[in-house]
Amino acid sequence: MSAAMDAPAGQRAALIADALAGLTAPRKTLPCKWLYDAEGCRLFEAITRVPEYYPTRTEVRILTEEAASIAEAVGPGRAVVEFGPGDGAKAALLLAVLNRPAAYVPVDIAPEWLEEAASRVALARPGLPVLPVVADFTMPFALPKRLGAAPRLGFFPGSTIGNFEPEGAVGFLRRARMTLGAGARLLLGADLVKAPAVLEAAYDDAEGVTAAFDLNLLHRLNREAGADFDIGAFRHRAVWNAALERIEMHLVAERAQTVRLAGRTIHFAEGETIHTESSHKYRPERLAGLAASAGWRISRHWTDAEGLFSVWLLDA
Ligand code: AVI
C-alpha cells in the first residue's frame, strides 16, 4: 500500500479539495488545520519547548502563579469542558487547584489526544469523572448527558483562539456559550500584541523547529495527496502583519516551478508564497470586544509580569 493510501479516504479527499481550492486561488493558501498530522503534532509539541516560543510557558506560569485567584474566581462544583486538550497538562494544572470540580470533559477530533489528556488528568485528580467527547469543536456538538446539571467551565487555553479569523473567533465563542449553557463560564488563553521582533522570532526559531512544522505540510501533501513538491525549493517565513495584528506563516517558493497535485499543474513564480497559518495577537480591549460580540461578559483577566500573555474568565 502506498503512503498516499494510509490516511482515511474521507480525510484525504478533504485535504485534496482544500489544497486544490487554496493553491489555485489568486493568493495561495492552505487551512492551518492540515498542519496537524502525527508529525505536525510532534513538531508542535517541540515548538512549545523552543526558547523563542514564549506562549506555552508563559500561560503555564500564569495558571500556576495565579492558581488560587483563578480557582476562587471560577468557584466550586464546575464541570470543566476543554476544547482541544492536547496532552492535558494545562487541564491537570487547573483541575488540581479548582474547588470540587464535577467532571472533566476533553473534546477533540483526535482520539489519541483524548486518551493522553484523560490519563494525565486521572493522575492529577484521582476519582474525578472523565468523560471524553470525540468531536470537531469548531462545529456544534453535544455534551455527555451524564454531566447532568453541574454548571460548566469551558477551558480554551494556548491562544488557539488566535488561529481563527476574528469573525471565526466570535462564531466559536458564541457556539461555545450555547454548548456550555446558562450560567457557564469560560477560561480563555489569548496571546497579546507585542514587539514584532519577539513575535517573528517565536514563529521562526533559530533551531528551525517551526520551519520544519510549516514545511511538513508539503511533505503531507506529497504523502497523502500524491503531490510532487520539491520541499528543498521552499522555505518558511514568519511575518508580522501590523494592519491585521497577526503573525503569518508562509512557505516561499525559492524559484519559479510547477507542482502536480491530483491531476492539476500548479505554477509558482519565484518568491510567491503559500499562506499556511495566521496567529492573531490581541490587545485587551479588542479581545473584550470579541467576547462581548459573542454574548460573554468579562469577569476577570490575568497577565504575566512582562505582559506577554493573558488568561480571561468570561461569564455567559
Ligand atoms: C496552536 N497555535 C495556538 C499555535 C500558535 O501559536 O498560533 C500554532 C503555532 N504555529 C507556529 N507556532 C505555533
Side-chain angles (χ1 to χ4, degrees), residues 29-60 62-63 82-91 106-110 113 116-117 136-138 155-166 168-169 172-173 187-220 234-241 244-252 273-282 287 290 304 308-312:
T29 180
L30 289 167
C32 66
K33 68 175 180 184
W34 297 113
L35 289 163
Y36 298 91
D37 64 352
E39 178 64 359
C41 290
R42 189 191 69 74
L43 286 164
F44 176 64
E45 286 291 305
I47 287 173
T48 65
R49 291 188 295 272
V50 301
E52 297 93 332
Y53 191 76
Y54 61 84
T56 308
R57 64 169 180 274
T58 310
E59 186 179 46
V60 166
I62 297 171
L63 291 174
E82 184 172 20
F83 303 95
D87 63 7
K90 290 174 192 167
V107 184
D108 205 293
I109 199 150
W113 283 124
E116 198 174 337
D136 175 355
F137 64 76
T138 66
F155 186 38
F156 195 39
S159 187
T160 306
I161 192 82
N163 297 131
F164 289 104
E165 293 301 317
F172 168 79
L173 291 172
L187 194 63
L188 173 72
D191 198 7
L192 299 172
V193 172
K194 58 187 60 66
V198 174
L199 288 164
E200 288 178 355
Y203 289 82
D204 193 6
D205 59 282
E207 229 180 293
V209 182
T210 311
F213 172 69
D214 202 4
L215 286 161
N216 177 56
L217 190 47
L218 302 186
H219 284 291
R220 182 174 194 182
F234 286 83
R235 80 184 147 78
H236 164 72
R237 181 164 80 204
V239 63
W240 173 242
N241 182 327
L244 299 176
E245 297 195 321
R246 68 189 195 191
I247 273 280
E248 295 177 0
M249 297 206 311
H250 290 260
L251 291 167
V252 186
T273 79
I274 310 172
H275 180 183
T276 52
E277 186 187 64
S278 295
S279 196
H280 294 80
K281 307 301 167 188
Y282 284 101
L287 191 95
L290 278 194
D304 54 293
L308 294 172
F309 200 90
S310 57
V311 174
W312 297 73

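Because the structure is predicted, anything quoted here is derived from the model rather than measured. Whatever order the structure lists them in is the order used to number ligands and atoms, beginning at 1. The first residue of the sequence shown is numbered 1, and numbering continues consecutively from there.
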(message) Could you go through W312 and L287, starting from their C-alpha distance and side-chain angles, then the distance that decides it, and tell me whether this counts as side chain to side chain contact (heavy atoms under 4.5 Å, CB included)?
(response) CA-CA 9 Å; W312 297 73; L287 191 95; 3.1 Å; yes

(request) Go through ligand 1 atom by atom and flag the ones less than 4.0 Å from a non-hydrogen atom of F213. (result) 10 (N), 11 (C)

(request) Report the member of M249, E277, H280 with the shortest heavy-atom distance to atom 8 (C) of ligand 1. (result) E277

(message) Against ligand 1, does P55 come closer than 4.0 Å with any heavy atom?
(response) no

(request) Considering non-hydrogen atoms only, spot the tightest contact between D204 and A238 and give its length. (result) CB-CB, 4.1 Å

(request) Output yes when the distance from some N or O of ligand 1 to some N or O of S279 is under 3.5 Å, and no in every other case. (result) yes

(message) Using the rule given for side chain to side chain donor-acceptor pair (under 3.5 Å), can you reason through D304 versus T58, listing the C-alpha separation, both sets of side-chain angles and the distance that settles it, and then say yes or no?
(response) CA-CA 7 Å; D304 54 293; T58 310; 5.3 Å; no

(message) Is there a polar contact, in the sense of an N or O pair closer than 3.5 Å, between Y203 and ligand 1?
(response) yes

(request) Give the C-alpha distance, both sets of side-chain angles, the deciding distance and a yes or no for side chain to side chain contact (heavy atoms under 4.5 Å, CB included) between M249 and R237. (result) CA-CA 6 Å; M249 297 206 311; R237 181 164 80 204; over 6 Å; no

(request) Pick one of side chain, backbone, both or neither for how Y36 approaches ligand 1, counting any non-hydrogen atom pair under 4.0 Å. (result) side chain

(message) Below the 3.5 angstrom mark, is there an N/O of N163, backbone or side chain, next to an N/O of ligand 1?
(response) yes

(request) Determine, using ring centers only, whether Y36 and F213 are less than 6.0 Å apart. (result) yes

(request) Nearest 0.5 Å please: distance from the CG atom of L215 over to the OG1 atom of T276. (result) 9.0 Å

(request) Would you name the heavy atoms of G158 and K90 that are closest together and state the gap between them? (result) CA-NZ, 3.5 Å

(request) Compute the minimum heavy-atom distance from S159 to ligand 1 and say whether it is under 4.0 Å. (result) yes

(message) Would you say S279 and Y203 are linked by a side-chain donor-acceptor pair, where the criterion is simply a distance under 3.5 Å?
(response) yes

(request) State whether the shortest distance between N or O atoms of K281 and N or O atoms of ligand 1 falls below 3.5 angstrom. (result) no

(request) Around atom 4 (C) of ligand 1, find the nearest protein heavy atom and jot down its residue, atom name and distance. (result) Y53 OH, 3.5 Å

(message) With heavy-atom distances below 4.0 Å as the criterion, list the atoms of ligand 1 near G158.
(response) 3 (C)

